[in-house]
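See structure below.
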There are 2 protein chains.
Amino acid sequence: MPDNEEKEQPRRRQARGERRIAQLLDAAATVFTTTGYTAASTNAIAREAGVSPGTLYQFFPNKEAIAIELGGRLVHEMQTAYGEALAPIDPATPLEEAVGAAVDRFIAFNCQHPVFFALMHGPDIPGRLTEEHDALHVALVGRVEGLLSSILPEAPAADIKRTAQMVLGIYMAGLELILAHEGAERDAYIREVKTALTRYLDPLVGDRLGRSGLTTTP
Amino acid sequence: MPDNEEKEQPRRRQARGERRIAQLLDAAATVFTTTGYTAASTNAIAREAGVSPGTLYQFFPNKEAIAIELGGRLVHEMQTAYGEALAPIDPATPLEEAVGAAVDRFIAFNCQHPVFFALMHGPDIPGRLTEEHDALHVALVGRVEGLLSSILPEAPAADIKRTAQMVLGIYMAGLELILAHEGAERDAYIREVKTALTRYLDPLVGDRLGRSGLTTTP
DNA sequence: GACAAACACGAGCGGTCGCTCGCATTCTGG
DNA sequence: CCAGAATGCGAGCGACCGCTCGTGTTTGTC
């Protein structure tokens with residue numbers, strides 16, 4: 001069977017259809033952000049997009065598929081974002097700068113796409129999306145682990161893993177505070193998150209670089 | 001109308017009724033923990049408690065009231081718990097001990113009552129319960145603020161507030177990790193949370209106690 | 001212009017959920 | 001012991017939600 005071009009794609013989208021899809025995803029983003037996934041009704045999404053429920057179901061087989069598609073696009077964008085944010089391991093740059101740059105990237109992304117936080121942190125997200133979120137999470141943890149173990153090659157893997165998880169946890173907690181504030185106060189919280197992460201990590205990298213760490217009772 | 005004893009209390013509970021209420025609240029706790037508030041159905045709670053839906057509604061006017069009552073009791077217990085955990089400001093004890101003791105208290109509470117975390121962190125909690133949660137949160141932040149400002153009397157109130165919020169945020173993030181693990185790994189995460197909090201706060205109190213803080217470029 | 005496919009509509013189907021109501025059973029006070 | 005309150009039951013009501021389907025309109029192709 002050499003010429004079944006795709007597994008299933010008897011649908012030739014027109015330009016109008018692509019526009020509708022984007023329209024519906026935008027509407028879904030706002031509805032999901034305000035009410036969460038479960039409480040969001042497909043009729044409400046269609047209404048927000050200015051179309052009928054039937055129209056919505058011409059482009060998405062069910063409610064979950066909307067979240068999947070939306071989440072998928074966000075994850076894709078996120079991957080490029082954190083690829084730029086965490087990829088280059090530059091041992092020469094001081095910790096504060098590295099942390100600051102990474103945090104700034106992620107903050108910018110989450111401020112541009114508030115749905116992301118809402119979709120990925122609700123306890124009511126559909127199964128398929130949970131997998132994507134978990135995959136993204138372990139990818140992020142893996143990246144941080146890679147950075148940490150390149151700086152601390154002698155540390156046990158389990159310790160590295162815990163530290164990476166804590167780093168992400170601290171960042172997430174800070175992100176919630178950051179998104180809850182605006183203007184100058186938001187900037188202050190951004191600085192505070194960077195401070196917290198730097199203080200948490202400084203004793204680790206400080207030891208290696210021969211700086212004065214917080215090692216007690218030498 | 002001088003003798004309307006209470007606003008509304010024509011209901012004289014029997015011992016059996018009190019037992020049923022406790023039974024229903026226990027059932028609600030398990031259902032809420034496993035499925036969250038919105039997804040939890042009153043019929044499921046009644047089934048879990050081994051009673052009929054009608055019986056449930058003899059003791060609670062609606063689904064929200066169940067969560068309210070359950071949340072109220074938890075908040076009450078929580079208040080005594082954090083009263084013991086954060087009340088005594090002992091400037092002599094080292095930071096690590098103080099943080100460690102406080103964290104241990106809260107961890108113990110949350111491990112005994114996993115509903116608390118589920119109810120207070122779902123995006124779908126009913127309005128009245130959100131108020132209780134917010135009240136508890138500002139109370140906790142206030143306590144931490146009090147502790148911090150007693151140690152750092154010269155620090156601006158806004159900075160103290162942000163630090164207190166970050167402390168709670170780091171703890172909450174750690175709590176999620178702690179609850180997600182068991183046994184030795186859980187203990188390791190408990191230690192990690194204490195480490196993170198200590199490192200975050202040490203430069204602040206370290207300055208005051210004349211220890212070597214992380215103050216850069218003096 | 002003709003024809004098919006893609007697009008759009010919205011009433012409504014099946015199902016679930018919160019909650020009610022009529023009635024049976026058990027407890028309590030006099 | 002008995003009247004009445006408290007407790008218990010469970011079928012089912014009304015509302016909403018995800019989703020469908022028959023029908024009509026627009027778009028691309030020849």
Atom-pair distance (CD on Glu18(B); P on dG8(D)), nearest Å: 12 Å
Atom pair distance, as rounded to whole Å: CD in Gln14(B) and P in dT7(D): 5 Å
CA sep, side-chain torsions, deciding dist, call: Asp104(A), Lys194(A), salt bridge (Lys or Arg N to Asp or Glu O under 4.0 Å): CA-CA 9 Å; Asp104(A) 281 335; Lys194(A) 293 177 185 174; 2.9 Å; yes
Spacing of Leu136(B) atom CG and Leu140(B) atom CG [to the nearest 0.5 Å]: 4.5 Å
Residue pair Gln165(B) / His181(A), side-chain heavy-atom distance below 4.5 Å: yes
Matching residue for Phe106(B) among Tyr171(B), Phe116(B), Phe117(B) - test: ring pair (Phe, Tyr, Trp, His ring centres under 6.0 Å): Tyr171(B)
Residue whose nearest DNA chain C nucleotide is more 5′ - Gly50(A) or Thr38(B): Gly50(A)
Check nucleotides 10-12 of chain D for protein N or O atoms closer than 3.5 Å to its own N or O atoms and list the pairs.
from, atom 1, to, atom 2, distance (Å)
dG10(D), N7, Ser52(B), OG, 3.2
dG10(D), O6, Gly54(B), N, 3.4

Atom of Val99(A), atom of Leu201(A) and distance for their closest heavy-atom approach: CG2-CD1, 4.3 Å
Proximity to DNA chain D (any heavy atom under 4.0 Å), residues of residues 56-64 of chain B only: Gln58(B), Phe59(B)
Integer-rounded Å distance: dA6(D) P and Arg16(B) CZ: 12 Å
For Thr35(A) against Ala39(A), the heavy-atom pair lying closest together: O-CB, 3.3 Å
Nearest-Å distance for atom pair CD1/C1', residues Ile45(B) and dC19(C): 13 Å
Any Arg13(B) side-chain nitrogen or oxygen under 4.0 Å from OP1 or OP2 of dA5(D): no
Sugar-phosphate only, base, or nothing, as touched by Ala40(A) at under 4.0 Å among non-hydrogen atoms: sugar-phosphate
Nearest-angstrom distance from the residue atom CD1 of Ile21(A) to C1' of dA8(C): 14 Å
Rounded distance [0.5 Å steps], CD in Glu192(B) versus CG in Leu197(B): 11.0 Å
Protein-nucleotide distance (Arg47(A), atom CZ; dC17(D), atom P), rounded to Å: 8 Å
Pairwise salt bridge (charged side-chain N to carboxylate O under 4.0 Å, His left out) hits with a residue in residues 55-73 of chain A, at least two apart: Glu69(A)-Arg73(A)
Within 6.0 Å of CD in Glu185(B), more than 12 heavy atoms from elsewhere: yes
Distance in angstrom units between Arg20(A) CZ and dA5(C) P, rounded: 22 Å
Gap between atoms CD1 and C1', on Ile66(B) and dC17(C) respectively (whole Å): 13 Å
